[in-house]
Peer 1: 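This is the structure, below, for whatever I ask next.
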2 protein chains.
Amino acid sequence: MTTRKFCLSVLVKGETTGYELRKLSRDGLHRYFTDASYGSIYPCLNKLEREGLVTCREETTPGKPVRKVYTITDKGRAAFVEELQEPPFDDTYRSPFLMLALHAAHLPPEFLSERIDAREDELRQRIQALSEELSICSNPASCWTLRSGIETMAAALKFIENNRSELEALSHASSQARVQAAE
Amino acid sequence: MTTRKFCLSVLVKGETTGYELRKLSRDGLHRYFTDASYGSIYPCLNKLEREGLVTCREETTPGKPVRKVYTITDKGRAAFVEELQEPPFDDTYRSPFLMLALHAAHLPPEFLSERIDAREDELRQRIQALSEELSICSNPASCWTLRSGIETMAAALKFIENNRSELEALSHASSQARVQAAE
DNA sequence: GCTCACATGTAATAAGTTACATGATTTC
DNA sequence: GAAATCATGTAACTTATTACATGTGAGC
């Protein structure tokens, strides 16, 4: 159902293709909704077409593959607004990074530091991507959503920057203990 | 793989049962890793036992159902630390709430306000649950992880509190426009 | 008497991922 | 000449969810 809502969410703002949908789901704002692969997007678009929620036309640009451009219908618009109001799912945050933090004392110090660096970089990149999107954003609701993401991730990043040494100390301490035990 | 890592993550800190694992996955810290159902936990524990990563003993308390208590083995401990170091997955945040925010202008104002209230409540409850866990937490890595979650969610909550009126205004404006168009 | 908490498990189903299949054009 | 980008799609597989199946004891 996530892929479906994501596709409709993009389609209400304008026509698009399966290929573009996949790209959108990988960076920027739409990351908050899904990270879809072709294997979920193409079947989903076909289903939406069968249901009459979108129409499809083929665009042939010479020297390029045929593009199937999808456009939402009035029925599709109505269905989307309906589906948005369906029983709510809670927001979920899944963090392989916090799993590492939780077991910091059992991880090699260099490994842990590398992963903390990687997490900081990831956050910085995502914040920058959203900030760029915000700077060219004209729709107030999109701006709101972008700002929400930027501020939340900024808080997450700041916490890591301010407190990473604590975590790294845990890893060092126990790695020292392991070395001494081996002697 | 999430269920597996979650089970091992709990088991390295002490023995537990399938029933307890499901409860842990639904509130507190472990929500960052999974939200597992019996249908994934029980098969997972059986598999871990077959692989020799955990052992199982049956505890019979008179007048209570038999409990199958699982304990991690040395092999399990080693496997977990290995698996933690496997190629990283990015943290993911999936937000049905931000999907609503993005389409605020097409939603009825009362509906939107209700959902914003619900999201604020959800955040307050989760912040409180983590704070309580923090107040009785003795393991430094767990404390770190809890604080990280608390600060990030506090930032998310603050943003909503400070900016919800903007979103609600969008919904009101377009609902007024719809009424006028109908006249 | 009803509902909640304890406690384990399976089967059918849903949903999505990965790898495969194909192929032209542009950029290095 | 190699790699990346554009572009669509299917098949096999993995993973997890939902609903079902079963049963006791405690509190209201």
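Residue numbers start from 1 in every chain, and the chains themselves are labelled A, B, ... in the order their sequence lines are given, proteins ahead of strands.
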Peer 1: Any side-chain N or O of B:Tyr42 below 4.0 angstrom from OP1/OP2 of C:dT8?
Peer 2: yes

Peer 1: To the nearest Å, how far apart are B:Asp35 CG and D:dT15 C1'?
Peer 2: 14 Å

Peer 1: A:Tyr38 has an atom OH; how far is it from atom C1' of D:dT10, in whole Å?
Peer 2: 15 Å

Peer 1: Among C:dT8, D:dT10, D:dA7, which nucleotide sits nearest the side chain of A:Tyr19?
Peer 2: D:dA7

Peer 1: In whole Å, I'd like the distance from the NZ atom of B:Lys5 to the C1' atom of D:dT15.
Peer 2: 14 Å

Peer 1: Taking the nucleotide of DNA chain C with the closest heavy atom to each, which residue, A:Thr34 or B:Val69, is nearer the 5' end?
Peer 2: B:Val69

Peer 1: From D:dA16, C:dG16, D:dT8, pick the nucleotide closest to the side chain of A:Thr2?
Peer 2: C:dG16

Peer 1: Between B:Ser131 and B:Ile127, is there a donor-acceptor pair closer than 3.5 Å when you use the side chain of the first and the backbone of the second?
Peer 2: yes

Peer 1: What's the closest nucleotide to the B:Ser40 side chain, out of C:dG16, D:dT17, D:dG9?
Peer 2: D:dT17

Peer 1: Check whether the side chains of B:Gln176 and B:Gln180 place a donor and an acceptor atom closer than 3.5 Å, and report yes or no.
Peer 2: no

Peer 1: Please report, rounded to the nearest Å, how far the P atom of C:dC6 is from the CD atom of B:Glu59.
Peer 2: 15 Å

Peer 1: From C-beta outward on B:Ser37, which listed nucleotide comes closest to its side chain: C:dG16, D:dG23, D:dT18?
Peer 2: D:dT18

Peer 1: Look at the rings of A:His30 and A:Phe33 and say which category their plane angle falls in: under 30° parallel, 30 to 60° tilted, over 60° perpendicular.
Peer 2: perpendicular

Peer 1: Looking at A:Lys23, does any N or O in its side chain come under 4.0 Å of the phosphate oxygens OP1/OP2 on D:dA7?
Peer 2: no

Peer 1: How many Å lie between CZ on B:Arg4 and P on D:dT15, as a whole number?
Peer 2: 10 Å

Peer 1: Rounded to whole angstrom units, what separation is found between the OH atom of A:Tyr70 and the P atom of D:dT8?
Peer 2: 8 Å

Peer 1: Give a yes/no answer on whether the side chain of A:Thr17 brings an N or O atom under 4.0 Å of OP1 or OP2 in D:dA7.
Peer 2: no

Peer 1: Report the residue (B:Val66 or B:Phe89) whose heavy-atom-nearest nucleotide on DNA chain C is the more 5′ of the two.
Peer 2: B:Val66

Peer 1: Counting heavy atoms not belonging to B:Glu59, are there more than 12 under 6.0 Å from its CD?
Peer 2: yes

Peer 1: Is the distance between the ring centroids of A:Phe80 and B:His103 less than 6.0 Å?
Peer 2: yes

